[in-house]
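Beneath this line is the structure, given in C-alpha cells, with notes to follow.
Since the model is a prediction, treat every value here as computed from it, not as a measurement.
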Amino acid sequence: MTAARDMTPLLTVENLVAGYGDQTVLDGVSLTANVGEILVVLGATGSGKSTLLRCLVGLVQPRSGRVLIRGRDITHASRTEREAILRDVGLAFQDAALLNSMTAAENVALPIVEHWHVDEPTALMLARMRLASVGLAGAGEKMPSELSGGMRKRAGIARAMALEPPLLLLDEPSAGLDPTTARALDELILGFKARGNMGVVCVTHELGSINTIADRAVMLARGHVIASGTLEEVRATPDERVRAFFERQLVHGEKRASVADELAWTK
C-alpha cells in the first residue's frame with residue numbers, strides 16, 4: 001500500500017445536495033472522516049443528519065455532489081460497484097433493526113453468510129465472536145424481544161461490525177438509554193477507535209456522548225454545515241445556534257426545519 005493510499009480519508013463528502021421531492025434537506029455539505037478517529041455529526045432534529053447517513057450508504061441518491069469511501073465514488077457507481085464499496089462500511093441503525101424471527105447470533109450471521117459465502121455453522125461461530133466483542137458473549141441464542149434496549153443496540157453494532165469494515169456509521173447509538181448504559185456504549189465506541197485501523201462516524205444529539213467520544217465534530221443546521229473542527233473549535237464557533245445547542249437553549253426566531261428528514265429508513 002502506498003503512502004498516498006494511507007492518507008486517503010475513509011470518507012469524503014463533497015458539496016452534497018439532497019432532499020425529498022421539492023424539499024432540499026442537505027445543501028452543500030462537505031466533510032471527511034479518517035482512520036483512527038471518531039467524527040460526530042450533530043445538530044437539532046430536522047437538521048439533515050439522518051438524510052446524510054442515507055446518502056452515505058446509497059439509500060438516497062444526491063441531487064449533486066459526491067460521496068467517496070476510501071477514495072471510491074459511491075454516488076456514481078454501478079449497482080455492482082456500490083455493493084463492493086459498501087462492504088467497507090458498517091451501519092448500526094438507531095433502533096438496531098434486528099429481525100424479530102431470528103436470534104441475535106442469526107441476525108449477526110446474515111451479512112457473513114451473504115458476503116463471505118461461508119457455511120452456517122462457521123457464520124454463527126463468527127457471529128458469536130462479534131457479539132462477545134460488544135459484551136454480549138452469552139446472548140447469541142436470545143431473541144431480540146428478550147434483549148434490553150442497550151443489548152439490542154450492542155447487537156445492532158455487532159451486526160454492523162460483522163464483516164470487519166474499516167468505516168463504522170452509528171445512528172443515534174445512545175438515544176433512549178439510561179446514563180449508565182449510554183456511558184458503557186460510549187466506552188465501546190472508544191474501543192473501536194483504539195484499534196487504530198478503523199474510523200467511526202456517529203450521528204447524535206446526546207451531549208454526554210458528544211463530550212466523551214468526539215475527536216472532531218460537524219454541526220448541521222437546516223441542511224448546512226455551520227461548524228466543523230475539533231470539539232473545542234466547534235464550541236467556540238460564533239454562531240448562536242451552536243451556542244444554543246451546547247447550552248440547551250432555544251434560538252430566538254429560529255424556524256423549525258421540515259420533518260422530511262425524520263422519515264423512516266424503510267420509506
Side-chain angles (χ1 to χ4, degrees), residues 1 4-5 8-35 39 41 48-99 101-102 106-120 122-123 126-127 130 156-172 197-203 223 260-267:
M1 183 177 290
R5 177 64 173 171
T8 301
L10 278 177
L11 172 68
T12 303
V13 177
E14 298 178 347
N15 299 315
L16 203 65
V17 178
Y20 309 96
D22 295 331
Q23 178 71 36
T24 298
V25 178
L26 299 175
D27 193 359
V29 170
S30 296
L31 57 85
T32 60
N34 302 300
V35 173
L39 174 70
V41 180
K49 303 188 303 295
S50 292
T51 295
L52 175 61
L53 275 187
R54 293 177 183 173
C55 290
L56 299 187
V57 295
L59 293 179
V60 169
Q61 182 66 24
R63 295 171 181 169
S64 62
R66 298 196 303 168
V67 174
L68 290 85
I69 296 172
R70 301 179 80 178
R72 296 172 294 173
D73 186 354
I74 187 174
T75 311
H76 302 101
S78 67
R79 180 175 179 178
T80 301
E81 292 170 336
R82 179 176 298 178
E83 289 177 353
I85 294 170
L86 287 177
R87 290 176 190 173
D88 282 342
V89 182
L91 170 63
F93 295 87
Q94 180 176 346
D95 61 357
L98 301 175
L99 297 176
S101 60
M102 292 181 158
E106 289 170 339
N107 269 279
V108 177
L110 272 177
I112 297 175
V113 171
E114 180 179 353
H115 293 289
W116 284 358
H117 307 295
V118 300
D119 57 83
E120 185 175 350
T122 300
L126 292 171
R130 305 290 186 266
I157 292 174
R159 186 177 60 189
M161 294 291 292
L163 302 180
E164 300 180 340
L167 176 61
L168 177 62
L169 308 178
L170 301 173
D171 184 23
E172 300 284 4
N197 61 352
M198 65 180 298
V200 179
V201 176
C202 180
V203 167
D261 192 46
E262 300 306 310
L263 295 173
W265 281 74
T266 55
K267 292 184 179 179

| message | Let's go through Val203 and Leu52 carefully: what are the C-alpha distance in whole Å and the side-chain angles of both, what is the deciding distance for side chain to side chain contact (heavy atoms under 4.5 Å, CB included) to 0.1 Å, and is it a yes or a no? | response | CA-CA 9 Å; Val203 167; Leu52 175 61; 5.7 Å; no

For [X], give me all partners under side chain to side chain contact (heavy atoms under 4.5 Å, CB included), at least two apart in sequence or on another chain.
X      : answer
Ala97  : Phe93, Asp95, Arg159
Asn15  : Ser30
Val113 : Ala123
Ala162 : Val108, Pro111, Ile112

Any [X] side-chain heavy atom under 4.5 Å of [Y] side chain:
X     : Y      : result
Leu53 : Leu169 : yes
Ile74 : Leu56  : no
Thr12 : Val67  : no

[X]: partners by salt bridge (charged side-chain N to carboxylate O under 4.0 Å, His left out), with sequence neighbours left out:
X      : result
Arg130 : Glu164
Glu120 : none
Glu14  : Arg66

Does [X] have any side-chain hydrogen bond (donor to acceptor under 3.5 Å, both in side chains) partners at least two apart in sequence or in another chain, and if so, which?
X      : answer
Ser78  : Glu81
Thr32  : none
Thr122 : Asp119

Quick one: [atom1] on [X] to [atom2] on [Y], what's the gap to the nearest 0.5 Å?
X     : Y      : atom1 : atom2 : result
Gln61 : Cys55  : CD    : SG    : 8.0 Å
Thr75 : Arg82  : OG1   : CZ    : 7.5 Å
Arg54 : Leu91  : CZ    : CG    : 11.0 Å
Leu86 : Leu163 : CG    : CG    : 11.0 Å

Search all heavy atoms of [X] against all heavy atoms of [Y] and return the closest pair with its distance.
X      : Y      : result
Glu106 : Met102 : OE1-CA, 3.4 Å
Ile157 : Ala92  : CG1-CB, 3.9 Å
Asp27  : Val17  : OD1-CG2, 4.1 Å
Pro166 : Arg70  : CG-NH1, 3.5 Å
Ala160 : Pro165 : O-CG, 3.5 Å
Val89  : Val57  : CG1-CG1, 4.3 Å

| task | Could you walk me through whether Leu11 and Leu167 pass side chain to side chain contact (heavy atoms under 4.5 Å, CB included), step by step? | result | CA-CA 8 Å; Leu11 172 68; Leu167 176 61; 4.1 Å; yes

| Ionic contact status for Arg72 with Asp88, cut-off 4.0 Å |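 Judged by the 4.0 Å cut-off on N to carboxylate O distance, Asp88 and Arg72 do form a salt bridge.
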
| Got a salt bridge between Glu83 and Arg79, using NZ or NE/NH1/NH2 to carboxylate O under 4.0 Å? |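 Result for this pair is yes, salt bridge flagged.
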
| From Val41, Leu168, Val13, residue fulfilling side chain to side chain contact (heavy atoms under 4.5 Å, CB included) relative to Val201 |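 Filter result, single survivor: Val41.
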
